[in-house]
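This report concerns only the one structure given below.
On a predicted model such as this, the values are computed, not experimentally measured, just so you know. Order of the sequence lines fixes the chain letters, A, B, ..., with proteins taken first and strands second; residue numbering starts at 1 for each chain.
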Amino acid sequence: MSYKYDPQLDGEIRPVSRPVLLQSLTAVIPAAAILHSEEQLKPYECDGLSAYRVTPMLVVLPETVEQTGAVLKVCHRLKVPVVARGAGTGLSGGALPLQQGVLLVLSKLNEILHIDLENRTAVVQPGVRNLAISEAVAPHGLYYAPDPSSQIACSIGGNVAENAGGVHCLKYGLTVHNILKLNMLTIEGELLTIGSDAFDTPGFDLPALVTGSEGMLGIIVEITVKLLPRPQAAKVLMGVFDDVQKAGNAVGAIIAGGILPAGLEMMDNLAIRAAEDFIQAGYPREAEAILLCELDGIAEDVDSGVEKVGGILRDAGATETRIARDENQRKLFWAGRKSAFPAVGRLYPDYYCMDGTIPRRQLAAVLHAMGELSAQYQLPIANVFHAGDGNLHPLILFDANKPGELEKAEALGGKILQLCIEAGGTITGEHGVGREKINHMCLQFNTEEIRQFHAVKRAFDREQLLNPGKNIPTLARCAEFGAMHVHNGELPFPELERF
Amino acid sequence: MEGDQDQSRLLQNQLQQALGEGRALRIAGGDSKRFYGNRVDGEILSTRQHRGIIAYEPSELVLTARAGTPLRDIEAAVAASGQMLGFEPPHFGAGATLGGAVASGLSGPRRAYSGALRDFVLGAKVLNGRGEILQFGGQVMKNVAGYDIARLMAGSLGCLGVILEVSLKLLPRPEAEQTLCFALNSRAAAAKANRLLTQAVPLSGACYSDGQLFIRLSGAGETLARCAQTLGGDGGDSDIWAAVKEQTGDFFSASDLPLWRLSVPPATDPAALSAAAAAATLWDWGGALHWIKTRLAADEMRAIAATAGGHATLFRSAQAPGDGVFQPLLPGLKKIHGNLKQAMDPHRLLNPGRMYADF
Ligand SMILES: Cc1cc2nc3c(=O)[nH]c(=O)nc-3n(C[C@H](O)[C@H](O)[C@H](O)COP(=O)(O)OP(=O)(O)OC[C@H]3O[C@@H](n4cnc5c(N)ncnc54)[C@H](O)[C@@H]3O)c2cc1C
């Protein structure tokens, strides 16, 4: 698709004069916090989805919440759209700038404001890196559970905006389960506190609504996160398979066995070899698939769990099971997984990461169908994903410099998303819709549902100034895309009955 | 199961008719939680016959059922496969339904350790105030397509839409459970419950009543035996958890004074709370949830809760305060709530005023 903002399909944006905007902003924040020259703007033209690039009109980097509010007030007054950006690691183009908009970068709001050891919470600014929170509280035996693979770089504000997950979310939940309170600025610049330091809050569950809302409802400027005590013990087990589908079935068998692993991840041969070449994690290069299963908790329970999982893996056809012998090897096993994206990235000039989620029982069938699609489109796919959650991350490998390859990769990606919906799943588990999957939303939701989303958006942002063109497609776009909406169970394609 | 049926069209018709005639509707499942929230009058829209488990795949840890399905049936069905609802919802009556549990959003003693009802909502089918049937979320563990309107329904007290179907995440049932009991003052008990969280103890409940701290452990039998030995204390009656959850113990039945629910940060000093309210509290959730029976004015109770960093709800009482049973919202939030009501139920058809007078 063309990712550029299209007024016909995404809504008109009233043109605003750049000098006027610049002048109005300079009146409320220091000039140094505003970037406007070509070379200053360049680094901000894309997020983690680098195939999409747009130079913003201006970039603003406020250093305080007050400045952020003041910027929003100016933009609201002048009717200038605002795109929020944290660390820019998002993979769906959610922070893709608008040529006629301000890119509001929150990376300078990067302080850990307070750590409450008694209540086990931390109050942090949105620009704080995910990993920095766990590092700061580690001396107290605590950590922040959601651990996206991008955790050294991504911001907690971006995590909230995407409802980010990670390898430990199967047991400990996603971002939405691990935050208590948010301070959010509305597009009018008004500060709202949603949620509270208690376990619940009167009124509607606004933290649920705002988490994962991709910068469409407000700008998150302060987050109270929950901290968890480090488990007494953690062990990781690797199951080696000569067949991807066997590994897929083993995932369901572990869960059905009444075990709730702290993490349950899968990598296929392409991903295994890439990771092995990259950081020598000790993976078996010849395996068709590996499963990494981590158990944590009380030491004795972990030991008995490891034994049980070992048995399940062998019953499911694992050719070998390995238990990380010590903490170093455990870290190494995970390091291979966590660096798998960049590792795969070294194999090919470009990769395109998909994010569909499916019911676990469909894993084997969907992995098989993806293999067929890969052959049909003649583009390799590497799989490395959150198997326990059924959250797939097929990495489509291609070369953007070859004419037509990006389009081909996108078309293949679209097919995979359709596959996920038809299997009873969703087009995005954790990376968000952003700009990338805006058309595919029309596949997953019908007209009334999309209209309901827009109504909810207007409850926060009547004039649609926050991140326009993202997350929820206009009905005009769905009509143009001509997508057939497919709902669970009502499959339009009889040949897909295998699901 | 016998009696299972899909009545979504019927409910939709009734709503559309009420919409045409401008009549307000009071949504009711088992009506077991009618006492909760502000009083609503209106024609009853009953979800009770819209019932049945639609999908339950134990290996997925997911169950989907219609709103009118008795909570009891759901708990029995998942227990038969060694699973459970991790949030331990209170029933408050034999007829409690799934829809009512989700709409009221209440969670039982396990909440502090394995999560609240809202944490387990994966998807919902909703009939909005325009009479449209909409589906949000799904049956998978992770889903960020569109706004999380399914989770927003949890605790919305029917003010945003009629919940028709819900998909919930389930948890494996622990192998064994054990209750321990310690004679302590309230402050020492809360400190102990808080401390246990950082120790290698499989805690699944901590409540306090009448000079006694009750601790519940859940896990492998051997682990429990070992933990019980190190922790000491006396063997406790495991019925305490049902009594606290369903409000059937002496504390709740001893008088008909108004019952307040204070939700506060877990490390709040319970002694300070009961001193401020000049009444004994029964606390749950390791100290984050306090039940207080008192005739103190609503403003005073709210101030006490707010000082502690939480909020107060008049949970049961013959009479509601003029501004309703829930802690009033600040103006900015109130506006957003009104806008959301407008977005989902623009004609104020559904449970008007049940949560706040304005919507
Ligand atoms: C190698 C790699 C691995 C990854 N692994 C994972 C993974 O395991 N799990 C996972 O969930 N994601 C993963 N991601 C995706 C990405 O890291 C997450 O989506 C992350 O949450 C984005 O954070 P960010 O700070 O980079 O946000 P950005 O990319 O800057 O922004 C993301 C979205 O959030 C909005 N936003 C940002 N800050 C705010 C704010 N303060 N207020 C309101 N809106 C805001 C933006 O407008 C945009 O829509 C990965 C990415 C990469 C590159």
Using side-chain heavy atoms (C-beta onward) and a distance below 4.5 Å, is [X] in contact with [Y]?
X	Y	result
B:His337	A:Pro202	no
B:Gln327	A:Thr201	no
B:Glu222	A:Glu300	no
A:Phe199	B:Pro266	yes

Could you grab the distance from atom [atom1] of [X] to atom [atom2] of [Y], nearest 0.5 Å is fine?
X	Y	atom1	atom2	value
A:Ile298	B:Leu224	CD1	CG	8.5 Å
A:Asp197	B:Ser263	CG	OG	10.5 Å
B:Met153	A:Phe204	CE	CZ	9.0 Å
B:Thr198	A:Leu142	OG1	CG	8.5 Å
A:Leu228	B:Leu197	CG	CG	9.5 Å

Which region of [X], side chain (C-beta onward) or backbone (N, CA, C, O), has a non-hydrogen atom less than 4.5 Å from a non-hydrogen atom of chain A, or is it both or neither?
X	result
B:Pro265	both
B:Arg130	side chain
B:Val201	backbone
B:Arg111	side chain
B:Pro202	both
B:Lys169	side chain

Report summary line: Bottom line for A:His454: the part with an atom under 4.5 Å from chain B's heavy atoms is neither
Report summary line: Okay, A:Thr121 and chain B: the region with an atom under 4.5 Å from a heavy atom over there is neither
Query raised in the report: Should B:Asn339 and A:Arg462 be marked as a side chain to side chain donor-acceptor pair (under 3.5 Å) after you check the CA-CA gap, both sets of side-chain angles, and the distance that decides it?
Result: CA-CA 10 Å; B:Asn339 292 350; A:Arg462 200 162 49 83; over 6 Å; no
Okay, side chain of [X], backbone of [Y]: is any donor-acceptor separation there less than 3.5 Å?
X	Y	value
B:Asn194	A:Glu118	yes
B:Arg151	A:Ala208	no
B:Gln139	A:Pro359	no
A:Gln452	B:Ala343	yes
A:Glu449	B:Gln135	yes

**Report entry** Test item: side-chain donor near acceptor, B:Gln342 and A:Arg458, under 3.5 Å
**Finding:** no
For [X] and [Y], work out which heavy atoms get closest and say how close.
X	Y	answer
B:Leu333	A:Leu192	N-CD2, 3.9 Å
B:Ser59	A:Arg360	O-NE, 3.5 Å
A:Asp301	B:Ala220	OD1-CB, 4.0 Å

Query raised in the report: For B:Gln16, does the CD atom sit with more than 12 other heavy atoms under 6.0 Å from it, leaving out its own atoms?
Result: yes
Query raised in the report: Does NZ belonging to B:Lys334 count more than 12 external heavy atoms closer than 6.0 Å?
Result: no
Query - residues 141-150 of chain B: residues contacting chain A (heavy atom under 4.5 Å, by number) - result: B:Met141, B:Lys142, B:Asn143, B:Val144, B:Ala145, B:Gly146, B:Tyr147, B:Asp148, B:Ile149
Quick check for you: among [options], which has the greatest number of heavy-atom pairs under 4.5 Å with chain B?
options	result
A:Ile194, A:Leu180, A:Asp355, A:Leu209	A:Leu209
A:Arg361, A:Glu190, A:Gln232	A:Arg361
A:Gly203, A:Cys169, A:Gly165, A:Ala455	A:Gly203
A:Met216, A:Glu214, A:Glu188, A:His440	A:Met216

Please output the side-chain donor-acceptor pairs of residues 308-315 of chain B that fall under 3.5 Å, not counting sequence neighbours, one pair per line with the distance.
| residue | atom | partner | partner atom | Å |
| --- | --- | --- | --- | --- |
| B:His311 | NE2 | A:Asp200 | O | 3.0 |
| B:His311 | NE2 | A:Asp200 | OD1 | 3.0 |

